[in-house]
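Please read the structure below before turning to the comments.
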Amino acid sequence: MKVLSVNAGSSSLKFQMYEMPEEKVLISGVFERIGIDAPFYTIKINGEKIRKEVELPNHKVAFEILVKELMDYKVVESLDEIKGIGHRVVQGGDYFNKTVVIDDEVIAKIDELSTLAPLHNPAAITGIKAAQAVVPNAVQTAVFDTAFHQTMDEVNYMYAVPYSWYTDYKMRRYGAHGTSHKYVALRMNEILGRMNTKLITCHIGNGGSVSAVVDGKCVNTSMGLTPNAGLIMGSRCGDIDATIIPYIMKKANLTAEEVDTALNKQSGLLGISGVSSDSRDVEDGINSGNERCLLAQKMYVRRVIDYIAKYYVEMGGADAIVFTAGVGENSKATRREIMDGLSVLGVVVDEENNNTRGEEIMVTTKESKIPCYVIPTDEEVMIARDTYAFIK
Ligand code: AMP
């Protein structure tokens, strides 16, 4: 059975088609610069990567082209073969604790939650509507990045602010990257051969979050109301003293929007290093003696260690620590520094294994009190699995 995983951004549309339940990827690709200049798309099929430049005025056109390519490449013979389409949705608030089949009410709720994810939720709706228009007979599901974190206790999701902010404005911690944390936690449990585990999952990429997962369920996570909490990220500040915001607004005469932009787009690794939000550039800077790059990296690593230590104490130990996403899968230096910082917990790095990139591997020695693993994330397959579960 053919199932499509879709991740719509404001000007992009990523897709991956699976043969289920085998989870075989048949074709994948991305449409970029939708609705802006110089649009194009790339497709990966049979080990080949094809790039085409076309007019992409909106997501519906992208979907029409996608469907035509599926037919041209004979991935499907007819549209009816596409049984399900799963859509990644960033913010499900406290409405959704699992994947749901999309109807008008679901779309209305995703829309209502756009205030919490102003860039992402409207894009998801655009993608959903485009898919519905082009493939009307497929079961369409919404897979929420926040759903995995809905098992948190209020002790962990509440903010110590006036209670009416929670009751009137739903102000609480919702988390992010839930589909990724869920995937790597599941995989880690498979490797450990049991479900009754205490895991710390570190999704560190351009955005980043750490989760505490007990028996496969999230008990705490570092992201907050929005995806700018917890860790220091590429260009996001993560946790800061809340009063910095009114203070800098007055001192530098900035508007709320300007401060928001500074904290989301000009902070993190970029803000401290002054060089880049990309950890590869920061590593290059360190190698050429740039002090601010070194400071940025130290701060970044320190924050990840802080969260691991916090969740270790909260869970009363950890059976494994997992690294995933762009930095977690690829940056041996960052992983090493984090694990070195955990030596007090008995973590011992396996130098040889840690020198690998992007593969599933244990990066600590047998003597290490907590095994640490790299597990490449796969949010797309989770979307396909959840969607398939509804159809089968
Ligand atoms: P993601 O958001 O998960 O796609 O992660 C993207 C980030 O991963 C990039 O901005 C880089 O900071 C980081 N990254 C990717 N490849 C490498 C690498 N080889 N070494 C260090 N960092 C990397």
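Along the sequence shown, residues carry numbers from 1. In listed order, ligands and their atoms are each counted from 1.
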I232: which of Q297, R302, M299 passes side-chain contact (heavy atoms from CB on, under 4.5 Å):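 Of the listed options, the one satisfying the test is M299.
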Distance-only polar pair, side chains of Q140 and H87, donor-acceptor under 3.5 Å: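 A pair is found: one side chain offers a donor N or O, the other an acceptor, under 3.5 Å apart.
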Per-atom contacts, ligand 1 versus [X] - under 4.0 Å to a heavy atom:
X	result
N206	1 (P), 2 (O), 5 (O), 6 (C), 7 (C)
S279	11 (C), 12 (O), 13 (C), 21 (C), 22 (N), 23 (C)
V327	8 (O), 12 (O), 13 (C)
G205	1 (P), 2 (O), 3 (O), 5 (O)
A325	3 (O)

N/O separation below 3.5 Å, [X] to ligand 1:
X	answer
G326	yes
H203	no
S277	no

Geometric class of the Y163/Y166 ring pair [parallel <30°, tilted 30-60°, perpendicular >60°]: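 Plane angle over 60°, so perpendicular.
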Aromatic plane relationship, H203 with H181 - under 30° parallel, 30 to 60° tilted, over 60° perpendicular: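 H181 and H203: tilted rings.
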Stepwise side-chain contact (heavy atoms from CB on, under 4.5 Å) check, C237 with N228: CA-CA 7 Å; C237 59; N228 191 3; 3.7 Å; yes
Pairwise side-chain contact, F63 with Q132, heavy-atom cut-off 4.5 Å (strictly under):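 No; the side chains remain at least 4.5 Å from each other.
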4.5 Å side-chain heavy-atom contact, V282 and V275: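 A side-chain contact under 4.5 Å is absent here.
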Passing option when D145 is tested against H120, H177, K182, R88 for side-chain hydrogen bond (donor to acceptor under 3.5 Å, both in side chains):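 Single pass found, and it is R88.
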[atom] [closest protein heavy-atom partner, distance rounded to 0.1 Å]:
atom	result
atom 19 (N) of ligand 1	N330 CB, 3.5 Å
atom 11 (C) of ligand 1	D278 OD1, 3.2 Å
atom 20 (N) of ligand 1	R280 CG, 3.5 Å

Residues, nucleotides or ligands: over 12 heavy atoms within 6.0 Å of D104 CG: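 No - once you tally the heavy atoms of other residues, nucleotides and ligands closer than 6.0 Å, there are 12 at most.
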Heavy-atom protein neighbour under 4.0 angstrom from atom 4 (O) of ligand 1: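 Looking at atom 4 (O) of ligand 1, one finds that no protein heavy atom lies closer than 4.0 Å.
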Within-shell test, R357 vs ligand 1, heavy atom, strictly < 4.0 Å: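 Contact present.
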